[in-house]
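Numbering of residues begins at 1 and proceeds along the displayed sequence.
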Amino acid sequence: MKRSEINAAIRRAEAMLDQHHWRLPDWAAWAPEDHKAEPELAAWLRDRQLGWDVTDFGLGNFGEKGLVLFCVRNGRQGDPATLPYAEKLLFVAEGQVTPFHAHKVKVEDIIVRGGGNLMVSFTPQGSFDTGPVLVDGRPVADPFGLPVRLTPGQSITIPRGMQHSFWGEPGAGDVFVAEVSQCNDDLTDNYFLDQIGRFAAIEEDEPPHRLLWNEG
């Protein structure tokens, strides 16, 4: 991805936050020089994968397959001295797909906080475990059937090991999403159905608006 594309994606997410009157920690608005000014805090954030994350999954077509995230809180998987839970915000553009993937460690709730509708699909292909899929406590009778449509306020519980994909429903607008889960590790706990990457390779065509968590 070009840095200009990443910058534009973060600015769009920041506009959505303003639209929904959602506030983030002060380090969410850090410029690159702020990371240098507070190196201990910057290292603490990076160690816990906190902050901005923009990815095209290495596919080079962010508009069709990509995602913007902000990790608000997290511990380290396997380290009982840190938080055992994580909270992320996801900014899903209309029609933009996050490809099929599963997690071996974390169970997660995906919550539509506002904006459009989120479509969530499951497949048995590549899944290494199954479990009940719940929408606000109600079991989904056939999660491998039609995609589940979540409207603002609804949430879905995704068991560990189940391959899932999601996107903003076309025609309904961009979607403001939250994820609450067990401790998250994007370096080791993403298992994609196809051979794709978790992070984007960045082409520097302009200065960064915000650093991503893995470069802070």
Check which hydrophobic residues are tied to Val180 through side-chain heavy-atom contacts below 4.5 Å, counting indirect links as well, and list them. Ile111

Quick check: Phe91 with Phe70 (ring centres under 6.0 Å apart)? no

Looking at residues at least two apart in the chain, or sitting in another chain, which of them share a ring-ring contact (aromatic ring centres under 6.0 Å, His included) with Phe199? Trp213

With no hydrogens and no angle check, just 3.5 Å: does a side-chain donor-acceptor pair link Thr151 and Asn117? no

Charged N-O contact under 4.0 Å between Lys88 and Asp53: no

Do Glu108 side-chain atoms and Ser181 backbone N/O form a donor-acceptor pair below 3.5 Å? no

Under 3.5 Å, is there a donor-acceptor pair linking the side chains of Gln182 and Arg160? yes

Salt bridge present between Asp186 and Arg198 (N-O < 4.0 angstrom): yes

Only one of Ile110, Leu134, Val133 passes side chain to side chain contact (heavy atoms under 4.5 Å, CB included) with Thr157, and that residue is Leu134

How close do Phe122 and Pro143 get, heavy atom to heavy atom, and via which atoms? CB-O, 3.4 Å

Do Val54 and Trp30 land in one hydrophobic cluster if side-chain heavy atoms of ILVMFWY residues count as linked below 4.5 Å? yes

Can you tell whether the side chains of Asp18 and Arg23 come within less than 4.0 Å, N to carboxylate O? yes

Give the minimum heavy-atom separation between Val97 and Pro99, together with the two atoms involved. O-CD, 3.6 Å

Would you confirm whether Asp56, through its side chain, and Gly66, through its main-chain N or O, come within 3.5 Å as a donor-acceptor pair? no

Would you call Glu204 and Arg3 a salt bridge, using N to O less than 4.0 angstrom? yes

Taking only Lys NZ, Arg NE, NH1 and NH2, and the carboxylate oxygens of Asp or Glu, determine whether Glu215 and Arg210 approach each other closer than 4.0 Å. no

Pair Asp185, Gln77: side-chain N/O donor-acceptor within cut-off below 3.5 Å: no

Would you check if there is a donor-acceptor pair between the side chains of Asn214 and Gln49 at a distance under 3.5 Å? no

Apply the side chain to side chain contact (heavy atoms under 4.5 Å, CB included) test between Ser155 and each candidate in Leu150, Val177, Asp136; give the one that qualifies. Asp136

Could you state whether Leu83 and Leu187 fall into the same hydrophobic cluster, counting links through intermediate Ile, Leu, Val, Met, Phe, Trp or Tyr residues with side-chain heavy atoms under 4.5 angstrom apart? no

Where at least one partner belongs to residues 136-168, residue pairs that pass ring-ring contact (aromatic ring centres under 6.0 Å, His included), sequence neighbours excluded: His101-His164, His103-His164

Given 3.5 Å as the limit, does a donor-acceptor pair link the side chain of Thr82 with the main chain of Arg76, or not? yes

Closest non-hydrogen atoms of Gly168 and Val175, given as atom of the first, atom of the second and distance, are CA-CG2, 3.8 Å

Show, in sequence, the C-alpha distance, side-chain angles and deciding distance for Phe62 and Ile6, and conclude whether the side chain to side chain contact (heavy atoms under 4.5 Å, CB included) test is met. CA-CA 9 Å; Phe62 174 74; Ile6 292 172; over 6 Å; no

